[in-house]
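What follows is a set of notes on a single structure, which appears directly below.
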Amino acid sequence: MGYDPKNPMEGRITDLGPQYYGKHLPPIIANNKGKWLYHEILQPGVLVHVSETGDECYTVRAATCRLISIELIREICDIADKHCGGFLRFTTRNNVEFMVDSKDKVQPLIDDLKSRGNKFPIGGTGAGVTNIVHTQGWVHCHTPATDASGPVKCVMDELFEHFTSMKMPAQVRIALACCLNMCGAVHASDIAILGVHRKPPMVDDERIGPVCEIPLAIAACPTGAIKPSKAVVDGKEVKTVVVNNPRCMFCGNCYTMCPAMPLSDPEGDGIAILVGGKVSNSKSAPKFSKLVIPFLPNTPPRWPETVAAVKNIVETYAKDAKKYERIGEWAERIGWEKFFEKCDIPFTDKSIDDYRLAYDTWRTTTQFKYTKATAQYTE
Amino acid sequence: MPKHATPLLDQLESGPWPSFVSDMKRQAEKKPEVWDILGQLELSYHDRITHWKHGGIVGVFGYGGGIVGRYSDVPKQFPGVEHFHTIRVNQPSSKYYSTENLRAICNLWEKWGSGMTNMHGSTGDIILLGTKTENLEPFFWDLTHELGQDLGGSGSNLRSPACCLGQSRCEWACYDTQEACHQLTVKYQDELHRPAFPYKFKFKFSGCPNDCVAAIARSDFAVIGTWKDDIRIDQAAVKEYIAGNYPSNGGAHSGRDWGKFDIKKEVIDLCPTQCMWMEGGELKIDNSECTRCMHCINVMPRALRPGKEMGATVCMGAKAPILEGAQFATLIIPFVKVTKENEFQDLVDLIEKAWDWWMEVGKNRERIGEAMQRVGLPAFLEIMDVKPMPQHVREPRSNPYVFWKEEEVEGGWERDIKEFRRRHAM
């Protein structure tokens with residue numbers, strides 16, 4: 001039997017919670033939990049973890065898209081059944097990890113993965129560029145300012161050699177969020193690719209009454225740009241709102257609260273690039289990513305402007321930074337004025353904070369470096 | 001045969017990175033509605049704008065979360081995605097799977113959904129992408145009865161908690177992140193499924209300060225492993241690193257010639273508190289000065305390990321920028337033991353204290369981090385029964401505008417202006 005629509009509450013089971021993780025651990029993991037001594041990356045995408053029991057766990061890490069089919073998951077299961085005793089895991093960055101309990105099982109596993117075309121590139125470890133975490137984009141979201149899976153594919157095609165190698169000064173974490181809601185929480189990434197809107201919401205006077213709570217729409221605006229108003233629809237006066245456009249910062253929060261205020265637009269929407277964030281507490285404290293390129297156009301299917309911008313930053317950093325330096329640590333050491341100069345990114349007023357706590361980011365010292373940006377004063 | 005021409009998306013089938021377009025085409029052979037996903041996406045690539053309508057409240061009886069409603073705004077062209085709701089299934093701790101379970105999920109999704117997924121969503125759930133309203137209850141029945149699995153969180157709920165892989169495959173985990181994550185998820189099923197909060201609330205569990213699940217950036221309640229005694233040093237292994245016999249940083253930099261390993265340049269000089277030095281051929285650490293950043297341990301994993309007295313630091317209030325700007329989580333409890341022996345009671349006490357307050361004072365769609373900002377950290381610490389200490393701030397305040405309380409001032413605030421005037425003419 002299954003669900004009976006005539007008796008929807010009968011036999012219902014709720015509040016089970018997730019499956020117990022212990023059922024999903026491969027024996028090599030279950031037997032050595034809490035006993036690991038050290039690890040080593042043997043080659044890009046291949047790790048060994050050594051236990052105090054003498055056991056060794058070899059892990060092969062391969063990229064997958066975040067958007068994957070059950071056909072592909074079944075293929076992943078086939079690989080895990082053949083090589084890994086029927087277990088696998090996914091990382092937080094959409095990679096899949098195949099684990100085996102002895103060294104002689106590694107090469108057959110690698111060979112198998114490599115035999116499957118470009119489906120499972122091996123890498124994403126150490127001082128390289130790992131998989132991009134991202135959001136839904138045009139494939140499933142109602143508020144995006146750009147696509148997600150597409151730009152990610154294009155950027156990773158271009159940075160592919162850095163996924164399969166470890167030549168960077170430190171790990172490079174790239175993230176993409178397709179609007180300012182940042183489901184992808186890109187605010188602490190080495191490089192963040194962020195979908196942004198640039199046109200204020202339109203107000204659908206006909207629909208706003210039936211579909212929105214007008215006070216909630218007004219309260220949703222962080223800058224107080226939305227005010228109650230009246231309009232005439234079919235000869236009848238209706239309640240609506242009006243947007244003070246110059247005060248709009250294009251966050252889209254009003255649209256989240258009120259479907260009658262859409263703001264997406266082919267010309268208005270595009271991508272901003274933020275850099276220098278990190279999550280780890282290693283060496284320096286966690287840092288937010290900073291906005292360095294305020295806008296690049298949406299140019300599907302290959303987003304060449306975004307790809308070039310990300311590649312330029314990655315390669316400039318790779319050439320200039322010291323070993324162990326994350327992008328943000330590098331930018332802080334050389335100074336952000338030098339970051340813009342070395343990356344040849346034009347600095348605009350859009351990179352100067354004028355929102356909350358903005359003053360914290362203004363320079364209040366006479367210490368700065370001369371770059372071509374100051375030439376107008378020195379030449 | 002393709003149902004729709006996709007000349008723009010077809011250009012994403014070339015290149016070395018895996019192609020989601022090729023994968024979807026393969027799936028479309030078995031699940032024809034996937035052609036409509038591709039068709040609508042192609043239209044978005046052409047129009048450079050989304051074709052999904054805003055929201056739509058759908059769900060299963062008795063739950064207020066776990067399913068996100070989604071409808072096409074061009075359903076006549078793409079009837080297969082007229083309804084395209086997302087189902088979130090709560091992942092097992094740190095995303096290990098038996099293939100038996102993964103295959104069962106695939107079979108269920110072949111039966112009731114589009115066949116497309118995200119492994120995984122940003123918060124950690126298994127995301128099953130695209131189904132019709134009438135399939136939701138039958139799917140949920142099979143998920144609970146046949147697989148013994150449950151939905152994850154969405155909306156103003158506890159969101160599915162997430163953890164790093166912890167002690168399962170990492171030598172640095174300072175507590176059992178998997179067990180803490182699992183037990184607290186099970187304990188708070190009501191909060192996860194039935195929205196009663198001002199807004200979303202996330203727990204994340206990282207085993208060490210490297211923070212591989214981004215707890216400090218993304219969770220309202222971040223439990224990040226740490227220790228309170230001395231870093232364990234294996235001096236023989238230190239010598240092996242210095243001799244170049246062990247690869248630095250676990251081999252993470254082996255793709256480029258960075259020169260011979262230099263312990264002074266790469267470890268001692270990069271220590272943020274400068275609390276390390278070499279003496280008589282041995283590495284010394286002044287542990288009282290150490291802030292446990294992990295750098296030295298990261299660089300020499302075979303020589304250095306976290307101390308033995310392990311626990312966690314609790315930070316609270318992180319969130320992405322919407323609306324007041326991004327916040328990292330703020331240190332609240334410097335050290336707490338995290339153990340299943342007492343059913344994680346120390347964490348439970350903190351969580352429930354914070355929830356009691358936030359559920360009373362939190363405004364609609366106000367994350368706890370924003371509520372903390374609104375009332376101020378001193379007031380929040382008082383709510384949490386935590387004595388203020390210098391560790392709570394990066395630096396003391398520079399303005400003198402202290403909100404003294406009346407009971408803190410000798411004689412209180414009641415004064416007599418007439419009596420004042422007798423001594424002070426105006």
Side-chain angles (χ1 to χ4, degrees), chain A residues 2-3 13 15-19 21 24-25 29 33-34 36 38-41 65-67 69-73 77 80-81 86 89-90 119 126-127 138-139 142 144 149 153 156-157 160 165-167 181-185 187-188 222 259 264 266 279-283 286 298 300-301 323 356, chain B residues 8 11-12 15-18 20 23 26-27 44-45 48-50 52 54 90 92-93 95-99 102-103 106 109 115 118-119 122 137-138 141 144 150 167-168 171 178 185-186 189 209-211 214 216-218 250-253 255-256 258 293-295 301-302 320 322-323 325-326:
Chain A
Y3 175 68
I13 302 175
D15 299 84
L16 286 173
Q19 281 210 354
Y21 64 89
H24 298 284
L25 300 179
I29 294 294
K33 185 170 171 178
W36 298 106
Y38 67 91
H39 75 281
E40 194 177 317
I41 306 168
C65 296
R66 180 188 192 243
L67 175 61
S69 69
I70 55 174
E71 289 306 302
L72 192 80
I73 297 172
C77 290
D81 284 342
R89 78 174 283 267
F90 285 87
K119 277 185 224 159
W138 292 335
V139 88
H142 63 296
S149 297
K153 159 78 174 151
M156 288 311 290
D157 272 343
F160 189 73
S165 66
M166 303 189 291
K167 297 177 189 162
N181 279 327
M182 288 199 198
C183 301
H187 58 288
S264 291
V279 164
S280 162
N281 288 274
S282 180
K283 296 197 302 298
N298 269 330
K323 192 178 179 187
R356 312 250 199 272
Chain B
L8 294 171
Q11 294 177 54
L12 294 176
W17 193 250
F20 66 98
D23 185 29
R26 174 162 81 151
Q27 187 62 55
S44 280
Y45 270 53
R48 298 191 294 148
I49 195 164
T50 191
W52 298 106
H54 192 294
N90 201 158
S93 283
K95 306 184 183 83
Y96 285 92
Y97 294 97
S98 67
T99 54
L102 264 188
R103 287 185 195 279
C106 290
W109 198 231
N118 293 145
M119 297 297 280
S122 299
E137 288 291 352
W141 177 279
T144 49
D150 203 347
Q167 294 172 341
S168 76
E171 64 269 31
Q178 292 180 300
T185 308
V186 170
Q189 282 292 293
N210 283 327
D211 195 1
I216 206 161
R218 305 184 58 171
H253 286 83
R256 180 156 147 189
W258 291 95
C293 85
M294 290 300 291
H295 175 69
R302 296 180 74 164
I322 293 281
L323 270 175

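Every chain is numbered from 1, with letters handed out A, B, ... down the list of sequences.
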Could you have a look at A:Ser69, A:Cys65, A:Ala127, A:Ser165 and say which one has the most heavy-atom pairs with chain B under 4.5 angstrom?
A:Ser69

Non-hydrogen atoms of A:Lys167 and B:Trp258 that approach each other most closely
O-CZ2, 4.3 Å

When the 4.5 angstrom heavy-atom criterion is applied to B:Ile216 and chain A, the contacting part is side chain

What closest approach, in Å, do A:His187 and B:Ala326 show between heavy atoms, and which atom pair accounts for it?
CD2-CB, 3.7 Å

Under 3.5 Å: donor-acceptor pair, side chain of B:Ser122, backbone of A:Cys183
yes

Looking only at heavy atoms, which two atoms of A:Pro144 and B:Thr50 are closest? And how far apart?
CG-CB, 3.6 Å

Could you tell me which of A:Lys283, A:Met182, A:Glu40 has the largest number of non-hydrogen atom pairs under 4.5 Å with chain B?
A:Lys283

Between A:Glu71 and B:Asp23, is there a donor-acceptor pair closer than 3.5 Å when you use the side chain of the first and the backbone of the second?
no

Is the shortest side-chain heavy-atom distance between B:Phe20 and A:Arg66 below 4.5 Å?
no

Counting only non-hydrogen atoms closer than 4.5 Å, does A:Arg356 touch chain B with its backbone (N, CA, C, O), its side chain (CB onward), both, or neither?
side chain

In this structure, NZ of B:Lys95 is separated from CZ of A:Phe90 (nearest 0.5 Å) by 10.5 Å

I need the residue from A:Gly126, A:Pro259, A:Pro222 with the largest number of non-hydrogen atom pairs under 4.5 Å to chain B.
A:Pro259

Considering only heavy atoms from C-beta outward, does the side chain of B:Asn210 approach that of A:Asn281 to under 4.5 Å?
no

What distance separates A:Arg89 CZ from B:Tyr96 OH, expressed to the nearest 0.5 Å?
5.5 Å

Quick check on A:Ser149 against chain B: is it the side chain, the backbone, both or neither that has a heavy atom closer than 4.5 Å?
both

Looking at every non-hydrogen atom in both residues, tell me the closest pair between A:Tyr38 and B:Arg302 and how far apart they are.
OH-NH2, 2.9 Å

Spacing of CG belonging to A:Asp15 relative to OG1 belonging to B:Thr144, to within rounding of 0.5 Å:
10.5 Å

For the candidates B:Gln167, B:Gln11, B:Arg218, B:His253, which exhibits the highest count of non-hydrogen atom pairs separated by less than 4.5 Å from chain A?
B:His253

Answer whether the closest heavy-atom distance between the side chains of A:Pro18 and B:Gln189 falls below 4.5 Å.
yes

Separation between CZ of B:Arg26 and CD1 of A:Ile70, rounded to the nearest 0.5 Å
10.5 Å

Within the structure provided, determine whether A:Lys119 and B:Pro18 are in side-chain contact (heavy-atom separation under 4.5 Å).
no

When only pairs under 4.5 Å are counted, which of B:Ala217, B:Pro92, B:Gly250 shares the most heavy-atom pairs with chain A?
B:Gly250

Taking all heavy atoms of B:Ala320 and all of A:Asn181, pick out the closest pair and write down the distance.
CB-O, 4.1 Å

Output for pair (B:Arg103 CZ, A:Asp81 CG), nearest 0.5 Å, gives 4.5 Å

As an exercise, state the distance from CE of A:Met166 to CZ of B:Arg256, rounded to the nearest 0.5 Å.
13.0 Å

Among B:Ser44, B:Cys106, B:Gly15, the residue with the most heavy-atom pairs under 4.5 Å to chain A is B:Cys106

Are the side chain of B:Asn90 and the backbone of A:Gly17 linked by a donor-acceptor contact shorter than 3.5 Å?
no

Of all heavy-atom pairs linking B:Ile49 and A:Pro266, the shortest is CD1-CD, 4.2 Å

Counting only non-hydrogen atoms closer than 4.5 Å, does A:Phe160 touch chain B with its backbone (N, CA, C, O), its side chain (CB onward), both, or neither?
side chain

Assert top hit (heavy-atom pairs under 4.5 Å, partner chain A, pool B:Ser93, B:Gly251, B:Ser98) equals B:Ser98

Do you know which of B:Leu8, B:Leu102, B:Asp211, B:Asn118 has the most heavy-atom pairs under 4.5 Å to chain A?
B:Asn118

